[in-house]
Engineer: 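Have a look at this one.
Indexing begins at 1, ligand by ligand and atom by atom, following the structure's order. For reference, positions follow the sequence shown, starting with 1.
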Amino acid sequence: MWMMMLIMLLLLVSNGEEVGGSSGEVEDGIISRNLLANGLALTPPMGWNSWNHFQCSIEEKLIRETADAMVSSGLAALGYQYINLDDCWAELNRDSKGNLVPKSSTFPSGIKALANYVHSKGLKLGIYSDAGTRTCSNTMPGSLGHEEQDAKTFASWGVDYLKYDNCFNTGTNPKERYPIMSQALLNSGRPIYFSLCEWGQEQPATWAPKIGNSWRTTGDISDKWESMISCADENDRWASYAAPGGWNDPDMLEVGNGGMTTEEYRAHFSIWALAKAPLLVGCDIRAMDNVTLALLSNKDVISVNQDKLGVQGKKIKKDGDLEVWSGPLSKNRTTVVLWNKGTSSATVIAYWSDLGLNPTAVVKAHDLWTHSIQRGLKGNISANIESHACKMFVLTPQ
Ligand code: GAL
């Protein structure tokens, strides 16, 4: 009995909070749940998706060049591996056997050839469909009623990832429609990452971990500060449901698309990393500038996102526009983002009590953006921070 209680307590402490209502077990020190049995996404996915920058203007040359740029920019070596097509890759009508058909004007070589190309670069290919009769662009068929056939098609093409949208859905509940595709993907015989995109409407964090590798918690992000911070906040509500195998998805990155300042993009990337969000780049990586590349290439920030403990960091303190976000990392470390959302510079402070650290702890702080180290910190960490900027640290007790 006491042993049971001790194990329960350890589970709570190691996850930093309750285990999101699902049955947890400890394996190699990591909490596992009733996971989707495809073995994928033990850390959040990293890659690129066509939608934020290109919307429907996609064609196979762009996708091949993007795969090339992923490798030549060094991003692939940092873990960005998925090259994901979004909406608009197929013809409006299925063929006479009911199969999806790649759009001949834009994908004349077909998806299998594209997957082969992407795989030859050491990367993975993602595709997009919809749990309805048409996709959101209204230019291609959805997979509702064709789940087994489409999952087999995707597997036969060598697809590694499916984003599954929610338009033209005939009004039935996503909880009925999404599990059918999840099972069809499992039946396809190929491990295919399953990304649910029902925009957070039916609180997917509460039911999607069993059927998907990630689930959108928000409507569509746009390349604006207000949109980005609202996605971060909506996503934060569901922090306790994320764990290895299944992640909350506050939508894809806008870093590099031009609508926010460098400091706003730095905060966007820092918070997505801390929140264990999928890191799916949404800009034209063939033409990104050095500032964008430097933001997306920060190894230390990426390693917070990819930390094996897999606990989503969250907002732990708010004082007007001044916020502290934090979460536990493996090896008894803690990550902290001090964020000034206000319009003028201000000092943001996090006390050890805010962070759940022992009040007497002496801490080493590694600044993940300046790469400087402060030793011997006692009681709190603070910094003067410009408007809309943040600082991100990893704290290690000394
Ligand atoms: C939306 C989805 C976007 C994008 C778009 C394509 O529903 O949230 O991320 O996929 O459809 O039409």
Engineer: Angle between ring planes, W225 versus W339, binned at 30° and 60°: parallel, tilted or perpendicular?
Structural biologist: perpendicular
Engineer: Without hydrogens or angle criteria, can the side chains of S330 and D307 be said to hold a donor-acceptor pair below 3.5 Å?
Structural biologist: yes
Engineer: Could you pull out every N or O of ligand 1 that sits under 3.5 Å from a protein N or O, with the distance for each pair?
Structural biologist:
unit_1   : atom_1 : unit_2 : atom_2 : d
ligand 1 : 7 (O)  : D165   : OD1    : 2.9
ligand 1 : 7 (O)  : D165   : OD2    : 2.9
ligand 1 : 7 (O)  : W199   : NE1    : 3.0
ligand 1 : 8 (O)  : W199   : NE1    : 3.2
ligand 1 : 8 (O)  : R216   : NH1    : 3.3
ligand 1 : 8 (O)  : R216   : NH2    : 3.2
ligand 1 : 8 (O)  : D220   : OD1    : 2.5
ligand 1 : 9 (O)  : K163   : NZ     : 2.7
ligand 1 : 9 (O)  : R216   : NH1    : 3.3
ligand 1 : 10 (O) : D86    : OD1    : 2.6
ligand 1 : 10 (O) : D86    : OD2    : 3.4
ligand 1 : 10 (O) : K163   : NZ     : 3.0
ligand 1 : 10 (O) : D165   : OD2    : 3.4
ligand 1 : 11 (O) : D165   : OD2    : 2.8
ligand 1 : 12 (O) : D87    : OD2    : 2.8

Engineer: Checking side-chain polar atoms at under 3.5 Å, does N84 have a donor or acceptor matched by the opposite partner on Y193?
Structural biologist: no
Engineer: Under 6.0 Å between the ring centres of W89 and W157?
Structural biologist: yes
Engineer: Check each of D130, D87, N166, D86 against T135 using the side-chain hydrogen bond (donor to acceptor under 3.5 Å, both in side chains) test, and report the only one that passes.
Structural biologist: D87
Engineer: Going by side-chain contact (heavy atoms from CB on, under 4.5 Å), N52 matches just one of I221, V281, D223. Which one?
Structural biologist: I221
